[in-house]
Amino acid sequence: QVQLVESGGGLVQAGGSLRLSCAASGRTFSFYAMGWFRQAPGKEREVVAAIDYSGDSTYYADSVKGRFTISRDRAEHTAHLQMNNLKPEDTAVYFCASTLNTGVSTMGASYSYWGQGTQVTVSS
């Protein structure tokens with residue numbers, strides 16, 4: 001069993017930065033791929049970024065490429081999402097999630113464990 005807890009959300013002005021963190025319990029977290037998703041009011045959940053178990057392979061949604069960076073620290077059982085040049089359209093609840101696979105996955109259905117989410121609000 002893996003439990004995930006996100007932190008680092010908040011209110012920021014457009015152009016600002018936030019760093020989200022995901023702390024995992026259970027050492028098996030380090031063996032599996034994980035991802036960050038977001039869901040805005042009235043919209044479907046979408047993948048933002050994903051990373052494989054080793055940290056060597058990553059994926060970014062087109063809307064965040066060049067602005068967001070996903071990383072993980074396997075020894076510390078943590079993952080991060082550095083978000084720069086934030087835009088109002090980035091406003092959403094952000095979730096970290098872990099798969100039971102090793103490779104990068106962009107499909108929410110392939111993720112077995114989810115955090116409770118952290119709110120990110122970007123004002124214009």
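The first residue in the sequence is number 1, and the count goes up from there. Note that the coordinates shown come from a computational prediction; the quantities given were computed from them, not determined experimentally.
When every heavy atom of Tyr94 is checked against every heavy atom of Met83, the shortest pair comes out as CE2-SD, 3.9 Å. For the residue pair Asp52 and Gly55, the shortest heavy atom distance occurs at OD1-N, 2.8 Å. Nearest heavy atom pair, residue Gly115 against residue Phe95, reads O-CD2, 3.6 Å. Annotation for Val64 and Val48: closest pair CG2-O, 3.5 Å, computed over non-hydrogen atoms.
Scanning for side chain to side chain donor-acceptor pair (under 3.5 Å) contacts around Gln119 gives Thr121, with sequence neighbours left out. Applying the salt bridge (Lys or Arg N to Asp or Glu O under 4.0 Å) test to Arg67 and every residue at least two apart in sequence or in another chain returns Asp90. By the salt bridge (Lys or Arg N to Asp or Glu O under 4.0 Å) test, Glu89 pairs with no residue at all, sequence neighbours left out. When the salt bridge (Lys or Arg N to Asp or Glu O under 4.0 Å) test is applied to Lys65, the partners found at least two apart in sequence or on another chain are Asp62.
Using a 4.5 Å heavy-atom threshold, the side chains of Leu81 and Arg38 count as separate.
Counting only N and O atoms by type, the side chains of His77 and Ser30 include a donor and acceptor under 3.5 Å apart.
Side chain of Ser98 to main chain of Met34: no donor-acceptor pair is present (N/O by atom type, distance under 3.5 Å, no hydrogens or angles).
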Donor-acceptor pairs are to be reported for all side-chain atoms of residues 99-109 against protein atoms at under 3.5 Å, with residues two or more places apart or in another chain.
residue	atom	partner	partner atom	Å
Thr99	OG1	Ala33	O	3.2
Thr99	OG1	Asn101	N	2.9
Thr99	OG1	Asn101	O	2.9
Ser105	OG	Met107	N	3.4
Ser105	OG	Ser110	OG	2.4

Per-pair distances, 0.1 Å, donor-acceptor, side chain in residues 2-16, under 3.5 Å, sequence neighbours excluded:
residue	atom	partner	partner atom	Å
Glu6	OE1	Gln116	N	3.0
Glu6	OE1	Gln116	NE2	3.4
Glu6	OE1	Gly117	N	2.9
Glu6	OE2	Cys96	N	2.9
Glu6	OE2	Gly117	N	3.2

Test log, rule side-chain contact (heavy atoms from CB on, under 4.5 Å), inputs Tyr111 and Phe37
CA-CA 11 Å; Tyr111 286 78; Phe37 291 75; 3.5 Å; yes

side-chain contact (heavy atoms from CB on, under 4.5 Å) for Tyr60 and Ile51? Distances and angles first, verdict last.
CA-CA 9 Å; Tyr60 295 96; Ile51 191 167; over 6 Å; no

Test side-chain contact (heavy atoms from CB on, under 4.5 Å) on Phe29 and Arg74; report intermediate values, then the result.
CA-CA 8 Å; Phe29 172 79; Arg74 298 178 68 200; over 6 Å; no

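Put simply, Val93 and Leu20 are part of two different groups of oily side chains (I, L, V, M, F, W, Y) that touch within less than 4.5 Å, one to the next. In the hydrophobic cluster analysis, where Ile, Leu, Val, Met, Phe, Trp and Tyr join through side-chain heavy atoms closer than 4.5 angstrom, Trp36 is grouped apart from Val47.
How far NE2 of His80 is from CG of Asp73: 6.5 Å, rounded to the nearest 0.5 Å.
Within 6.0 Å of the OH atom in Tyr53, the count of heavy atoms belonging to other residues, nucleotides or ligands does not exceed 12.
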